[in-house]
Amino acid sequence: MTDATQAPPLPDHLSVDPRSPHHVAAVFEHDIGIRFNGKDRTDVQEYCVSEGWVKVPAGKTLDRKGQPLMIKLKGTVEAFYRQPE
């Protein structure tokens with residue numbers, strides 16, 4: 001794994017889904033952390049720092065295409081690269 005100094009800057013809006021226009025594959029080569037309202041979240045599928053929201057799966061519910069049903073939560077969003085231990 002490379003240093004965080006060599007990692008690309010984190011975008012304001014990022015999605016895990018490769019079909020999304022907000023997906024940046026180079027960012028996912030590094031370990032990303034999301035802090036939402038002061039707590040680290042591991043289930044975030046999409047976020048926007050400037051608008052202050054994250055999208056997370058709504059339990060085990062699936063939409064008609066078999067994808068997890070997402071809910072949008074509003075609050076303070078911080079994205080960061082995790083440091084290797």
Side-chain angles (χ1 to χ4, degrees):
M1 190 170 257
T2 60
D3 263 353
T5 57
Q6 297 174 347
L10 285 169
D12 177 60
H13 190 160
L14 185 65
S15 176
V16 174
D17 186 5
R19 298 172 293 158
S20 170
H22 301 290
H23 180 79
V24 181
V27 172
F28 291 106
E29 293 175 1
H30 308 280
D31 194 15
I32 301 169
I34 303 295
R35 190 170 293 120
F36 180 68
N37 289 338
K39 294 184 180 179
D40 286 349
R41 298 285 303 246
T42 58
D43 60 346
V44 174
Q45 299 294 311
E46 188 172 353
Y47 73 82
C48 184
V49 175
S50 63
E51 295 178 14
W53 55 262
V54 295
K55 285 188 180 178
V56 296
K60 296 182 181 183
T61 308
L62 301 176
D63 66 8
R64 60 184 170 202
K65 295 180 181 177
Q67 300 296 321
L69 192 64
M70 297 291 162
I71 58 172
K72 186 187 277 190
L73 304 173
K74 294 187 179 242
T76 305
V77 180
E78 297 174 55
F80 58 92
Y81 286 113
R82 294 185 194 274
Q83 298 299 324
E85 296 178 11

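No hydrogens, no waters, no symmetry mates; every other heavy atom, side chains included, goes into these values. Residue numbers run from 1 in the order of the sequence given.
Proximity of Q45 to P57: side-chain heavy atoms (C-beta onward) are separated by under 4.5 Å at one or more points. Side-chain contact between V27 and L14 is present, with at least one heavy-atom pair separated by less than 4.5 Å. Looking at Y81 and L10, their side chains come closer than 4.5 Å, going by heavy atoms from C-beta outward.
Both F28 and I34 are assigned to one and the same hydrophobic cluster, defined by single-linkage of ILVMFWY side chains at heavy-atom distances under 4.5 Å. No continuous path of hydrophobic side-chain contacts links V44 to M70 [ILVMFWY only; heavy atoms under 4.5 Å].
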Validation: residues 17-24 side-chain donor-acceptor distances under 3.5 Å, sequence neighbours left out:
| from | atom 1 | to | atom 2 | distance (Å) |
| --- | --- | --- | --- | --- |
| D17 | OD1 | R19 | N | 3.2 |
| D17 | OD1 | R19 | NE | 3.3 |
| D17 | OD2 | R19 | NH2 | 3.2 |
| S20 | OG | H22 | N | 3.0 |
| H23 | ND1 | S15 | O | 3.1 |
| H23 | ND1 | V16 | O | 3.3 |

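The list of ring-ring contact (aromatic ring centres under 6.0 Å, His included) pairs with a residue in residues 34-72, not counting sequence neighbours, reads H13-W53. Within the structure, the salt bridge (Lys or Arg N to Asp or Glu O under 4.0 Å) test picks out the following pairs touching residues 42-58 (sequence neighbours left out): R41-D43. Here salt bridge (Lys or Arg N to Asp or Glu O under 4.0 Å) pairs that include residues 72-81, with residues two or more places apart or in two chains, are R35-E78.
Partners of S50 under the side chain to side chain contact (heavy atoms under 4.5 Å, CB included) rule, at least two apart in sequence or in another chain, are D12, C48. The side-chain hydrogen bond (donor to acceptor under 3.5 Å, both in side chains) search around T42 returns none, not counting sequence neighbours.
Across all their heavy atoms, A58 and I71 have their closest contact at CB-CG2, 3.7 Å.
No donor-acceptor distance shorter than 3.5 angstrom exists from the side chain of D63 to the backbone of L69, with no hydrogens or angles considered.
Here I32 contributes atom CD1 and F80 contributes atom CZ; the two are 10.0 Å apart, rounded to the nearest 0.5 Å.
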